[in-house]
Each structure stands twice: as C-alpha cells, then as structure tokens.
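First the structure, in the form of structure tokens, and then the observations on it.
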Amino acid sequence: MNTRVFEITEIDDRAKEELKEAAKVLRNGGLVAFPTETVYGLGADALNPDAVQAIYLAKGRPSDNPIIVHIADLSTLEMLVPAISTDVKILAERFWPGPLTMVLQKVPQVPDVTTGGLPTVAVRMPDNSIALELIRQCGCPIAAPSANISGRPSPTRGDHVVQDLMGKADIIIKSFDCRVGIESTVLDLTGPVPTVLRPGILTPEQLGQALGKEVVIDPGVLAQSKVDPGPDSRINNDSCINRNSNSNSNSNNNNDDGAPPKSPGMKYTHYAPKAEMVILRGARADVEREMEKIRAEREQAGGKVGVVLFGEKAFERAAHDFFAMLRDLDDQGVDLILAGALNDEDSIGLAVMNRMLKAAGYKVIDI
Ligand code: TXA
Ligand code: MG
C-alpha cells in the first residue's frame, strides 16, 4: 500500500484540504493514522465492519481486543449507546474532550468487530484539534487503537507511526508529540460501581470527585500495575538476566481463574521494546548504584545498556516520556534496558508502572 504522509501542526488552508482528503479516505473504508493528546491512533469508520477489520490486519492485533470509538460531539454518542446516564453526562461535561474513555452498553448498529464481540462500546472525545476536525469532516465516529504494530510501545511522535505503519495505512498525519504520552483512562460504567479498566493520567480520585462517588480500579488491573514479588521472583544479578526467570503469575493474563478479562486488551503482551527490560525497585540511591553495577558488568561482557530513570515525583513527565524512551533505546541498539520503578501509591505513577511492568514482562529486582 502506498502511504501518504501529511504534516499538520496548525489547521491552515492546506491542512483543511488534507483533512478533507483524509476524511474522504475514511468514509471510503480506508485507514488514517492521526494524533491525539494521549498517543497516535490508527483510525477507520467505526460503523464499517470491513474498515475496522483492516485495522486489526494492519496492526496484527488479536480480533477479540475491542477498539475505542472516537467522537467529536455528544450527539454522536447518542447514536452509539441506548441511553446516556447522569454519570456519563457529568464525566463528559467535565473531562471531554480529554483522556477519558467510557465503556457503555452499545446499540446493535455498532458492529461486533469494533467491540470485539462485546455488548459494550468504549467511547472517547480526544483533546486534539486535528483529531476533532478529522472526525467532524468524516461525519462518522472513528474507531482507533493506538497506531503501533501490536505489542510495540504506543506511538507518541509522528515518526513512531511512520516507523510502524508505513505501507499499512492509507494516510499518516504527523503532528506534534503527544501531550500526555500514555493512553486514556478506560472507565467501565456498565456495572454498579464505576471501575477503571486501564489507568491513565486522569485518576480514580479525579473521576470519583466529579461523580461524587467511589471509583475503583479493577483488581486484575491493580495486580498488573503493582508487583509484590516473592522470593522466587528475584533476579540473580550474577546470572544473566533471564526473561523467564521472573514472570509474575499475573503477567499478560488476568485470566488465570478462567473468568474472561473485562478489558480484553489487558491480557496481551504489550509495549515490548526489542531489548530485554528489567525494573529495579528500592531506595533511589540503591537503585542508581545497582544500575551502575549491572551496566558495568553487562558492558564489560560486550552488551549495551540503556537506563530509564525518572525524577521521583515527576509522574507526568514519566508518562510523557516513557514510550518514546523505549523506542529511542531500541533505535540506539541497546540489548538491556534498566528501568527505575515509580511510586505506585501515586495514581499517575501507577498508570506508568502498569505500562512499565508489561514492557518488562513483569521482571523486577527488589533492592
Ligand atoms: O488514548 C487512547 O485511548 C488511545 C488513543 C488513540 O485514543 N487509544 C488506545 O486504544 O489506546 P487501544 O486499542 O490501544 O486500547 C484500547 C483499550 C484496550 O485495552 C481495550 O481492551 C479496551 O480499551 N477496550 C476497548 N473497548 C472496550 C470495551 N467495550 N470494554 C472493555 N474494554 C475495552
Ligand atoms: Mg494500544
């Protein structure tokens, strides 16, 4: 496929023409990658099953992993769901456009392929003027997962999308780096208690405050975001760090009890850099010392080591930089990435840890 790349940083006359062209491609069942405030998305007409099917093929995405539907106005939400509850109204008013995805009952017109066969649909209004203009021009809701090859770190820069999807999308719209850097908070509003299925920059505390009631994090997600390693889950530094030596039993699968995962995306390998990755957790000075030790050992043996270490309270910066750092380190050809754990008592720290643990295949050294 011949992919056209449009560079748009402001919506001037040329950009308007390009967005019109991209909207036409979407209406005709094509694929367009576009920026959002969280990460770049790979879009198709959400109501066209063949177009959505093409997303799964382009990304190599398992077809039971449902896709978020992006809208630009509330009237489109009315087309997707049977009823809009007071809670949904409150959250939409307060947080849209923004990095919040709401999981709601769907109407039959939303194709099964979009929702991975689920009776619910995930909807969000992105806070990015290019994305909003594209959706408006298109006149249809846009189904869009993150614009990466399945399993790779989510793309936060236009170049990441070009790396992954050149030849696989009809159009790639390159713009500024994404402001947030991790994907939206996914909130399930179909049960009695609003439940976070994927932590993000919008925290359960913020959501609960807006709703005036408790918002919980799904226990499966918590298990995937906080690691409490037992003695057998330590890595022996003297031996070569081994991908299989320290898999937390929750890794890639919250499904051990046989119950279907609430958010199917939770069960897949995610965000994996090409390099081996290990998380070091402990007091800052100890982590730094251990990193240096492992680095020296590895480099002496001819390896190339990269480090991901954020300021202790720099949670938003960590969210912004994390995926891009993984890709940068891959580009530099490192074969081992040592990452410093963030404090998961902080809600944004937890959201980044959720991605970091998946990227590292749940390998943690407690120091
Ligand atoms: O920030 C974002 O959400 C980005 C941008 C492009 O909007 N999109 C994104 O999409 O991260 P994706 O496909 O990479 O992740 C969607 C997540 C998956 O974990 C999926 O399982 C979950 O949302 N999801 C989608 N529909 C769902 C549903 N009906 N019920 C439960 N979880 C759902
Ligand atoms: Mg994704």
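All heavy atoms count here, side chains included; hydrogens, waters and symmetry mates do not.
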Look only at the side chain of Thr114 and the backbone of Val110, and say whether a donor-acceptor pair between them is shorter than 3.5 Å. no

Just verifying a value: how many Å separate Asn354 CG and Leu222 CG, rounded to the nearest 0.5 Å? 9.5 Å

I'd like to know whether Trp96 forms a side chain to side chain contact (heavy atoms under 4.5 Å, CB included) with Leu74, so could you lay out the CA-CA distance, the side-chain angles of the two residues, the decisive distance to 0.1 Å, and finally the verdict. CA-CA 9 Å; Trp96 279 357; Leu74 280 180; 4.0 Å; yes

For atom CZ of Arg284, decide whether the heavy atoms of other residues, nucleotides or ligands shown that lie under 6.0 angstrom number more than 12. yes

Is the CD atom of Gln209 crowded by more than 12 outside heavy atoms at less than 6.0 Å? no

Is the closest basic N to carboxylate O distance between Lys313 and Asp346 below 4.0 Å? no

So, the side chain of Arg27 versus the backbone of Cys140: is there a donor-acceptor pair under 3.5 Å, distance only? no

If the threshold is 4.0 Å, N to carboxylate O, is there a salt bridge linking Asp112 and Lys106? yes

Within the distance-only criterion (no hydrogens, no angle test), does the side chain of Gln206 pair as donor or acceptor with the backbone N or O of Thr203 below 3.5 angstrom? yes

Taking only Lys NZ, Arg NE, NH1 and NH2, and the carboxylate oxygens of Asp or Glu, determine whether Asp331 and Arg327 approach each other closer than 4.0 Å. no

When every non-hydrogen atom of Gly29 is compared with those of Asn48, the smallest separation belongs to CA-ND2, 3.8 Å

Under a single-linkage definition using a 4.5 Å side-chain heavy-atom cutoff for Ile, Leu, Val, Met, Phe, Trp and Tyr, are Val123 and Leu187 assigned to the same hydrophobic cluster? yes

Value for CG (Leu118) from CG (Asp64), rounded to nearest 0.5 Å, stands at 8.5 Å

Would you name the heavy atoms of Met277 and Ala339 that are closest together and state the gap between them? CE-CB, 3.8 Å

Report the C-alpha separation of Thr3 and Leu165 in whole Å, then their side-chain angles, then the decisive distance to 0.1 Å, and conclude whether the side chain to side chain contact (heavy atoms under 4.5 Å, CB included) test is met. CA-CA 8 Å; Thr3 303; Leu165 294 180; over 6 Å; no

I would like to know whether Arg124 and Glu37 meet salt bridge (Lys or Arg N to Asp or Glu O under 4.0 Å); could you show each step before the answer? CA-CA 12 Å; Arg124 100 175 182 98; Glu37 82 281 27; 2.9 Å; yes

With a 4.5 Å cut-off on side-chain heavy atoms, are Leu207 and Phe95 touching? yes

Are Arg355 and Glu183 within salt-bridge range, i.e. N to O under 4.0 Å? yes

4.5 Å side-chain heavy-atom contact, Asp188 and Pro194: no

Does the distance from a Lys or Arg side-chain N to an Asp or Glu carboxylate O, for Arg281 and Asp366, drop under 4.0 Å? yes

Hphob cluster co-occupancy, Phe6 + Val162, side-chain heavy atoms under 4.5 angstrom: no

Are any of the side-chain nitrogens in Lys20 or Glu133 under 4.0 Å away from the carboxylate oxygens of its partner? no

Can you give me the closest heavy-atom contact between Ile71 and Leu80, atom names plus distance? CG2-CD1, 3.8 Å

Is the Tyr271 ring parallel, tilted or perpendicular to the Phe323 ring (thresholds 30°, 60°)? tilted

Inspect the surroundings of CD in Glu316 and state if more than 12 heavy atoms from other residues, nucleotides or ligands are less than 6.0 Å away. no

Glu205, CD atom: more than 12 neighbouring heavy atoms under 6.0 Å: yes

Hey, does Ile201 have a side-chain heavy atom less than 4.5 Å from the side chain of Phe315? no

Side-chain heavy atoms nearer than 4.5 Å, only ILVMFWY residues, links allowed to pass through others: does that put Val52 and Ile142 together? no

Taking Tyr40 for its side chain and Ser175 for its backbone only, find out whether a donor-acceptor pair lies under 3.5 Å. yes

Supply the atom-to-atom distance Glu21 CD to Ile173 CD1, rounded to the nearest 0.5 angstrom. 10.5 Å

Smallest separation among heavy atoms of Arg94 and Ala210, with atom names: CG-CB, 4.1 Å

Residues Arg198, Thr185; criterion side chain to side chain contact (heavy atoms under 4.5 Å, CB included); working and verdict: CA-CA 5 Å; Arg198 181 175 67 185; Thr185 304; over 6 Å; no

Are side-chain heavy atoms of Val308 and Leu329 found at a separation under 4.5 Å? yes

Would a distance-only check, ignoring hydrogens and angles, find a side-chain to backbone donor-acceptor pair under 3.5 Å from Lys174 to Arg157? no

Taking the side chain from Asp164 and the backbone from Ile149, do they hold a donor-acceptor pair closer than 3.5 Å? yes

With side chains defined as the heavy atoms from C-beta onward, is the minimum distance between Leu57 and Lys168 less than 4.5 Å? no

Would you mind reporting whether Arg289 and Ile367 have side-chain heavy atoms less than 4.5 Å apart? no

How about Ile130 and Leu19: do any of their side-chain heavy atoms sit closer than 4.5 Å? yes

Can you tell me how far the CG atom of Leu357 sits from the CG atom of Asp344, to the nearest 0.5 Å? 8.5 Å

Check the pair Arg179 / Asn128 against side chain to side chain contact (heavy atoms under 4.5 Å, CB included), numbers first and verdict last. CA-CA 9 Å; Arg179 175 166 55 79; Asn128 177 291; over 6 Å; no

Under-4.0 Å salt bridge between Arg14 and Glu17: no

Do Val88 and Met102 touch side chain to side chain, with heavy atoms closer than 4.5 Å? yes

Any sub-3.5 Å donor-acceptor pair from Ser184's side-chain atoms to Val186's backbone N or O? no

Path from Leu338 to Leu309 over hydrophobic side-chain contacts below 4.5 Å: yes

Side chains of Asp73 and Ser75, donor plus acceptor under 3.5 Å: yes

Output the distance between atom CG (Leu336) and atom NZ (Lys304), rounded to the nearest 0.5 Å. 13.0 Å

Is the count of non-hydrogen atoms from other residues, nucleotides or ligands lying under 6.0 Å from Asp13 atom CG greater than 12? no

Can you tell me how far CD1 of Ile8 sits from NZ of Lys16, rounded to the nearest 0.5 angstrom? 11.5 Å

How close do Leu47 and Pro49 get, counting heavy atoms only, and between which atoms? O-CD, 3.4 Å

If hydrophobic clusters are built by linking Ile, Leu, Val, Met, Phe, Trp and Tyr wherever their side-chain heavy atoms come under 4.5 Å apart, do Ile172 and Val32 end up in the same one? no

Quick check: closest heavy atoms across Val103 and Ala122, and the distance to 0.1 Å? CG2-CB, 4.0 Å

Is the backbone of Met125 close enough, under 3.5 Å, to the side chain of His70 for a donor and an acceptor to pair up by distance? no

Hey, does the side chain of Gln137 reach the backbone of Ala23 with a donor-acceptor pair shorter than 3.5 angstrom? no

Checking Asp330 side chain against Lys274 main chain: does a donor-acceptor pair fall under 3.5 Å? yes

